[in-house]
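Step one of this worksheet: look at the structure below.
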Amino acid sequence: MQPGMLATIQDLGRYGLQKFGVIVGGAMDSNSLRIANLLVGNVEGEGALEVTLFGTSLLFESDELIAITGGDLKPTIDGKSVPMWQPLVIRKGSILKFNAAISGSRAYVSFGGGVQVPEVMGSKSTYIRAGIGGFQGRKLQKNDVFECNTRTESGEDLFNQLQKKTSYLSWSVHYTPFVTFKKTQTIRIIRGSEYERFDEESLKKFFSTPYTISTQSDRMGYRLEGQNIQLKEPFELLSEGVTFGTIQVPSNGQPIILMADRQTTGGYPKIGQVISADLPALAQMQASGQVFFKEVTLEEAQWALIHQEKEMNELAFGLRIKRLHQL
Amino acid sequence: MLNLLETIQIRPLSDSTVVIQVGEGINEATHTKVKTILNLLETNPFSGFIEAVPAYNSLTVYYSPIDVYFSNLDKGVQTPYEIVKAKILALMNQSNITETTNNRIVKIPVVYGGDMGPDLEFVASYNGLTPSEVIKIHSSTEYLVYMLGFAPGFPFMGGMDAQIATPRKESPRLAIAPGSVGIAGSQTGIYPLETPGGWQIIGRTPSRLFLPEQSPPTLLQPGDRIQFVPISLDDYTKDFGVKTWE
């Protein structure tokens, strides 16, 4: 394989150990990862490949059942365009390549049976700084070889059905309830714990002007560039828990959104918190993309997530029906 | 017996976390309450509870709003947040809560100064002390681990003598060796992993702080008391077979 910009193995994260300072990690766009796994008959939290931007290529040494979801990174198989958001069989000797970031910034490749790497502390997610999880605790490098586990019963059924087909499937998942890929997006947030401590002028600017995602952004955090945000008066905050989507404002006034590989605790004042339902769309934004923040209530945030989950359950059910009806 | 209800406040951090605020500032009484609440939550998890992360004067409780919602469909229009808040308050309202205590003392061997502690001289001169006085002060106090964070197994400790307090370096080092013992302001800490950092490094321990193959995966736990024990470089290399003096 060729690693490209960055390719790591991720699942839905490593929970239960944050009190020891062990980060959660996991897929940046968890919805795309879940759908990729559902498409190949895996449990939705199975380990899959997270490919960032472009340049990654994989040589398959056996026929495999896969699905590609997430951002459109112009995937090809042996140079020919390949559809996303549907299960397919890739032949032994074929090369899957990600050529260019057309929209979004991360694609997910699921493998029938899942990637065969050991679970470390309950997860297959790669924790690069600690050198654990994923593929030998690191990002993938040239010539790395990994294997897939045995397909599940439904995965095997899908594999057999797809092997008989002479073309790709005519359907694909309608993904807009789960993730969007626009260059400028409105992201919904609830008020952060220290919201009241910011001056009114700053709060007005925060909600009315766009913030640009800087090139200094990665899986740990998105650094934003835009109107300066100031506190009414300086104050000392003791370190406390932070989470995916927490928007912190350090003393330079430029917000940082904490992402999948965030630390477990932080001490900067928090102006806002991205709602869970919008995290996948945020995680797909590229550097130079623009974000507008829109305030919603906690109640709206929770119903949005529950609604999305119901859509996910319906999708899982729909995919099962498709398989039982020969795709 | 503890009355927890009077001292706590619950607020949302996100749609999937709540913060239980416990008092103000950094002190042992608050720390004991934090540990007691952590223990209560972990031994009586509500459905949808994922984990709780203790800090100096708060705990952040992670839950699945989905699981809370689907396991409380009878609660009608209540949001998962309201359900979780009520469950936590009910848990704190028990009459027979006893304090969770921990009397563990962990000794941390440290080689002070030299290449292992390149900033020892600076810490000494900054405070008008000799290096051996800094070592004596640093290793004669007992430190309380309030919380872990920043990196796996990194202890946030209290109890350092103000005589050796030293500001952070003006420009952080790009890589600090694992086991490095440092001072930043009035805090002291130990780096579990190689990371960039701005602390004044006064020594290094051969003890491993992050143990991913073990459960729990860290040498130190919140509530532990730490004693630094000065050792020689010979002891460091002899006992641990590590070649580090280059």
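Each chain gets a letter, A, B and so on, in the order its sequence line appears, and its residues count up from 1. Worth knowing before you read on, the calculation uses all heavy atoms, side chains too, and leaves out hydrogens, waters and symmetry mates.
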>> Looking at chain B, which one of A/I306, A/I132, A/I275, A/V120 has the largest number of heavy-atom pairs inside 4.5 Å, strictly under?
In response: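 Counting heavy-atom pairs under 4.5 Å, the top option is A/I306.
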
>> Between A/A301, A/A277, A/G245, A/G16, who has the most heavy-atom pairs with chain B when the cutoff is under 4.5 Å?
In response: A/G16

What's the separation between atom [atom1] in [X] and atom [atom2] in [Y], rounded to the nearest 0.5 Å?
{"X": "A/I189", "Y": "B/D15", "atom1": "CD1", "atom2": "CG", "answer": "12.0 Å"}
{"X": "B/E194", "Y": "A/R129", "atom1": "CD", "atom2": "CZ", "answer": "10.0 Å"}
{"X": "B/Y69", "Y": "A/E309", "atom1": "OH", "atom2": "CD", "answer": "11.5 Å"}
{"X": "A/E240", "Y": "B/I20", "atom1": "CD", "atom2": "CD1", "answer": "12.0 Å"}
{"X": "A/L305", "Y": "B/S16", "atom1": "CG", "atom2": "OG", "answer": "6.0 Å"}
{"X": "B/I66", "Y": "A/K310", "atom1": "CD1", "atom2": "NZ", "answer": "9.5 Å"}

>> Quick one: does any side-chain atom of A/Q302 pair with a main-chain N or O of B/P65 as donor and acceptor, under 3.5 Å?
In response: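 No, because the side chain of A/Q302 does not come within donor-acceptor range (under 3.5 Å) of the backbone of B/P65.
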
> Does the A/Q263 side chain pair with the main chain of B/G149, one donor and one acceptor, at a distance under 3.5 Å?
Replying inline: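 Not a single qualifying donor-acceptor pair exists.
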
Heavy-atom count around [X] [atom1] within 6.0 Å, excluding the residue itself: above 12?
{"X": "A/Y195", "atom1": "OH", "result": "yes"}
{"X": "A/R262", "atom1": "CZ", "result": "yes"}
{"X": "A/F235", "atom1": "CZ", "result": "yes"}
{"X": "A/K139", "atom1": "NZ", "result": "no"}
{"X": "B/E24", "atom1": "CD", "result": "no"}
{"X": "B/E6", "atom1": "CD", "result": "no"}

Contact class of [X] relative to chain B, heavy atoms under 4.5 angstrom:
{"X": "A/F244", "value": "neither"}
{"X": "A/L17", "value": "both"}
{"X": "A/I190", "value": "side chain"}

>> The test is side chain to side chain contact (heavy atoms under 4.5 Å, CB included); show your working for B/N57 and A/L238 and say whether it passes.
In response: CA-CA 8 Å; B/N57 59 355; A/L238 289 178; 3.6 Å; yes

Can you tell which part of [X] gets under 4.5 Å to a heavy atom of chain A, answering side chain, backbone, both or neither?
{"X": "B/S215", "answer": "neither"}
{"X": "B/Q214", "answer": "neither"}
{"X": "B/T60", "answer": "side chain"}

>> Test side chain to side chain contact (heavy atoms under 4.5 Å, CB included) on B/L13 and A/T243; report intermediate values, then the result.
In response: CA-CA 8 Å; B/L13 166 67; A/T243 189; 3.8 Å; yes

> What pair of heavy atoms forms the shortest contact from B/P152 to A/V22, and how long is it?
Replying inline: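 That would be CB-CG2, 3.9 Å.
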
> What are the two closest heavy atoms between B/L148 and A/T265, and how far apart are they?
Replying inline: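 For B/L148 and A/T265, the tightest heavy-atom pair comes out as O-CG2, 4.4 Å.
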
>> For residues 155-177 of chain B, give me every residue with a non-hydrogen atom less than 4.5 Å from any non-hydrogen atom of chain A.
In response: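 The residues closer than 4.5 Å to chain A, in numerical order, are B/F156.
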
> How far apart are the C-alpha atoms of B/E42 and A/K19, what are their side-chain angles, what is the distance that settles it, and do they pass the salt bridge (Lys or Arg N to Asp or Glu O under 4.0 Å) test?
Replying inline: CA-CA 12 Å; B/E42 288 182 340; A/K19 66 175 173 175; 2.8 Å; yes

> Would A/F20 and B/L220 satisfy side chain to side chain contact (heavy atoms under 4.5 Å, CB included), going step by step from the backbone distance to the final call?
Replying inline: CA-CA 8 Å; A/F20 302 117; B/L220 304 172; over 6 Å; no

> Is there a donor in the side chain of A/S193 and an acceptor in the side chain of B/R11, or the other way round, less than 3.5 Å apart?
Replying inline: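 Checked: A/S193/B/R11 side chains pair up, N/O donor to acceptor below 3.5 Å.
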
> Between B/Y81, B/Y62, B/Y56, which has the largest tally of heavy atom pairs under 4.5 Å with chain A?
Replying inline: B/Y62

> Can you check side chain to side chain contact (heavy atoms under 4.5 Å, CB included) on B/F150 and A/T264, steps first, answer last?
Replying inline: CA-CA 7 Å; B/F150 171 65; A/T264 53; over 6 Å; no

